[in-house]
Amino acid sequence: AWMDADFRRQLSAQRERVEDAFEFEGRKVGRGSYGQVFKTKPRSCADASAGDYALKQIEGSGLSMSACREIALLRELKHPNVISLKQVYLAHETRQIWLLFDYAEHDLWRMINFHASAKKCNSQVSLPPNFTKSIMHQILCGIHYLHSNWVLHRDLKPANILVMGATSPERGRVKIADLGLARLFHQPLTPLTEIDPVVVTFWYRAPELLLGARHYTKAIDLWAIGCIMAELITDKPLFYCKQEEDIKTSSPYNRDQLERIFSVMGFPSQQDWRDLPHLPKYGDLVRNFGTGQQYARFSLGRHMSRSFGMSETSSEFRLLSRLLAMDPLRRPSAREALED
Ligand SMILES: Cc1ccc(-n2nc(C(C)(C)C)cc2NC(=O)NCCN2CCOCC2)cc1
């Protein structure tokens, strides 16, 4: 052993063990490809009022690449709208890694579904009037911070937007997180293997990704924010598309998802998106959709006004249509969107 045995024993005796610090037996709240999450309270504080914590036990053992990346990334980041890593516990005996976070009671996926189902059974559980505006502002603040630090999220969707609950001093505050799965593939072209029963949704993926763009960009995150904004307003995923059961195809080209986008947005013309013909999957696009004439009369304005009564001259429609520009070069930066 490269370290003196006595010194190792001394270190080991001093090291705080996660099971000594936290009560988490039988308090599992999440399970996925990334590991499992427990809702815990520190053993030390007796009073129940103290905030809850989330303990994430990282899948696998030892310092895997993803564990290293998550710890290295999160320990550098500090912003009120980004999930904050409180503590790292390395259990040397079992080579287990535990990450400690503030517990977030809610996430947008569950909040939107709760609201949608409540609306269906007509109980007036309406979201507070400026709820959407506050959530959007906080998401854009968090993403502006990440993008300023050259951190791209790559998998923004409602499930990754956490919201602190009533028992937290930060009640109503958005915490951008990444609950995993897509994290394992850094490049958009990596084949999707079924590492997890949860099917990856393409509903928030920018059109350039679906057409084979080789790198993630900030504009790809802003597209996803546009999709989330529409879903907050309408309770429905804007580009909802049924998922074939087995997404074994390694190609990023997803014809059904593109079809859904075109039937809402219309088909991009040369004027709309100059670089479209240079995308790797442009040939597939022409083969499957031709000149897109069948989508000629579709547009976001038509979709939002006909389906949800949103005025095409409203400020929220203007921001939404900027975020959902088909050409990534025409999407606003997070800062420009905040100014809007
Ligand atoms: C490999 C890897 C995995 C995730 C990340 N990652 N990246 C982020 C950013 C900063 C981009 C939002 C956040 C996380 N990790 C978690 O959110 N972790 C989950 C925190 N949750 C757990 C459940 O309780 C609430 C906090 C990085 C790298």
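Keep in mind that this is a model prediction, so the values were computed, not measured. The basis for the numbers below is simple: all heavy atoms, side chains too, and nothing from hydrogens, waters or symmetry mates. Whatever order the structure lists them in is the order used to number ligands and atoms, beginning at 1. Note that the numbering runs from 1 along the sequence shown for the chain.
Between Gln138 and Ser134, the side chains place a donor N or O and an acceptor N or O closer than 3.5 Å (distance only, hydrogens not considered). Counted by atom type alone, Tyr89 and Gln96 present zero donor-acceptor pairs between their side chains at under 3.5 Å.
Counting heavy atoms closer than 4.0 Å to ligand 1, residue Val37 contributes side-chain atoms (C-beta onward) but none from N, CA, C or O. For Leu77, every heavy-atom contact with ligand 1 shorter than 4.0 Å involves the side chain, none the backbone. Under 4.0 angstrom from ligand 1, the non-hydrogen atoms of Ala177 come from both its backbone and its side chain. Residue-level proximity to ligand 1 for Leu74 is carried by the side chain, the only part with a heavy atom below 4.0 angstrom.
Ion pair Asp221/Lys218 not flagged as a salt bridge, since none of the NZ, NE, NH1 or NH2 atoms sits closer than 4.0 Å to an Asp/Glu carboxylate oxygen. With respect to Asp102 and Lys86, a salt bridge is recorded, a charged nitrogen being found less than 4.0 Å from a carboxylate O. A salt bridge links Glu93 with Arg17; the closest basic N to acidic carboxylate O contact falls under 4.0 Å.
The two residues Arg260 and Cys241 come nearest to each other via the heavy atoms CB-CB, 4.4 Å.
Atoms of ligand 1 lying under 4.0 Å from any heavy atom of Ile83, numbered from 1 in the order shown and given with element: 13 (C), 17 (O), 26 (C).
For atom 21 (N) of ligand 1, the candidate residues are Leu179, Asp155, Ile176, Leu100; the nearest heavy-atom contact is made by Leu179. Among Arg69, Arg154, His153, the residue whose heavy atom lies nearest to atom 11 (C) of ligand 1 is His153.
Considering backbone and side-chain N/O of Asp102, none are found under 3.5 Å from N/O of ligand 1. For ligand 1, the polar-atom distance check against Ser66 finds no nitrogen or oxygen pair separated by under 3.5 Å.
By the 30° and 60° cut-offs, the orientation of the rings of Phe289 relative to Phe262 is perpendicular.
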